[in-house]
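Naming: A, B, ... by sequence-line order, numbering from 1 per chain. Values in this document were obtained by computation on a predicted structure and should not be read as measured data.
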Protein chains: 2
Amino acid sequence: MAANSQFSMAVHILMMLARSRDENLKSDYIASSVNTNPVVIRRLLGQLGQANLVVSQTGANGGTRLSRCPSEINLSEVYKAVSCGEVFALHGKAPNQDCPVGRNIEAVLCNLQKEIDRSIGDKLSQFTLESVFEKVESLPTT
Amino acid sequence: MAANSQFSMAVHILMMLARSRDENLKSDYIASSVNTNPVVIRRLLGQLGQANLVVSQTGANGGTRLSRCPSEINLSEVYKAVSCGEVFALHGKAPNQDCPVGRNIEAVLCNLQKEIDRSIGDKLSQFTLESVFEKVESLPTT
DNA sequence: CATAACTGTAACTAGAATAGTTACAATTTA
DNA sequence: TAAATTGTAACTATTCTAGTTACAGTTATG
């Protein structure tokens, strides 16, 4: 399990919360839908909470709910919240600084990285939780 | 070193080849600029060759050169050639199929994945090797 | 034609990242 | 006070990447 599925799990979690409206959901309950351990869910909810997308309550009868209406949260916010790195990594070791290409390539790639990130953000911001929820609900439930 | 830097290394390699014009470059020489092992370079050249972006010659005085002019290769082709996976991974374990959300979320996420991939491809196709090379060359060489 | 210089590729290692797991302190309801 | 729940630290198993060694196959050239 080295591939990063945090964004997928985060969206799944948020769909569960969108469906439950104002009711608090427990991490155990969400975990049983995502099919993982409740701690994995609580870790993600922590990140989503720091991004002000959800609100959690500790203690008996606690749980988590959306901080806003599903139409007011978009996937770009979710993507940023779970911070799953960049599309591609820069060089692990620094290139040879004595080479004209090696000396400058990192700066160029870094700018490119930022441009692509912007593209992804733009695309993701077109989807609200509400619009994604509609797709999930409208699928032919086999 | 778990982050995937193949795209970065591939672009670095192609910049070296763009700079050398028609002359064959050895994997050893490229490796010394990228600051890695020649085998790592040859593996990447293999993928770039399969995508018809470069041509290699075995044997003494062999090496690799671009298969086309730098203005006729764009970064989208490079990205596809090194196939560095998707922006985000789908669920590792399949979600709970007894849950209305778990049952449908994967299909929705999969479509989303494809849309984002298209966005990245569109953005990357705006950059030719030539245009990237100009940026590398124009940077203030400290 | 023999040799040296290359590429191509298989096999292995080391290190890092993810998700999963256990355990437990802190908080809150009832 | 007891039970339920989150928050979080610590550890493990799995998987990925890059790096490395080794060597077979290919080709130019003296």
Could you tell me the separation between the CG atom of B:L44 and the P atom of C:dG8, rounded to a whole number of Å? 12 Å
Whole-Å distance between C:dT7 P and B:L17 CG? 11 Å
Within the pair A:T36 and C:dA19, is there a side-chain N or O less than 4.0 Å away from OP1 or OP2? no
By salt bridge (charged side-chain N to carboxylate O under 4.0 Å, His left out), A:R118 pairs with (sequence neighbours left out) none
Take the protein atom CD1 of B:I13 and the nucleotide atom P of C:dT7, then report the distance between them rounded to whole Å. 12 Å
With sequence neighbours left out, write down each residue that passes side-chain hydrogen bond (donor to acceptor under 3.5 Å, both in side chains) with B:E77, or none if nothing qualifies. B:R68
Output all residues satisfying salt bridge (charged side-chain N to carboxylate O under 4.0 Å, His left out) with B:K123, sequence neighbours left out; order by chain, then residue number. A:E115
Could you state the atom-to-atom distance from CG of A:N4 to P of D:dT17 in whole Å? 13 Å
Value in whole Å for how far the P atom of C:dC6 lies from CZ of B:R65: 16 Å
Counting only N and O atoms by type, is there a donor-acceptor contact under 3.5 Å from the side chain of A:T128 to the main-chain atoms of A:S131? yes
Rounding to a whole Å, what distance do you find between B:L90:CG and C:dT18:P? 17 Å
Protein-nucleotide distance (A:K93, atom NZ; D:dT17, atom C1'), rounded to Å: 13 Å
Verify the contact: side-chain N or O of B:S5 to OP1 or OP2 of D:dA18, cut-off strictly under 4.0 Å; return yes or no. yes
Footprint string (nucleotides 4-12 of chain D, 5' to 3'): B base within contact, S backbone only, - free, heavy atoms under 4.0 Å: BBBBBBB--
Nearest-angstrom distance from the residue atom CG of A:N37 to C1' of C:dT22: 9 Å
Contacts of type side chain to side chain contact (heavy atoms under 4.5 Å, CB included), residue A:S33, not counting sequence neighbours: A:H12, A:M16, B:C99
The criterion is ring pair (Phe, Tyr, Trp, His ring centres under 6.0 Å); which residues satisfy it with B:F88, sequence neighbours excluded? A:F7
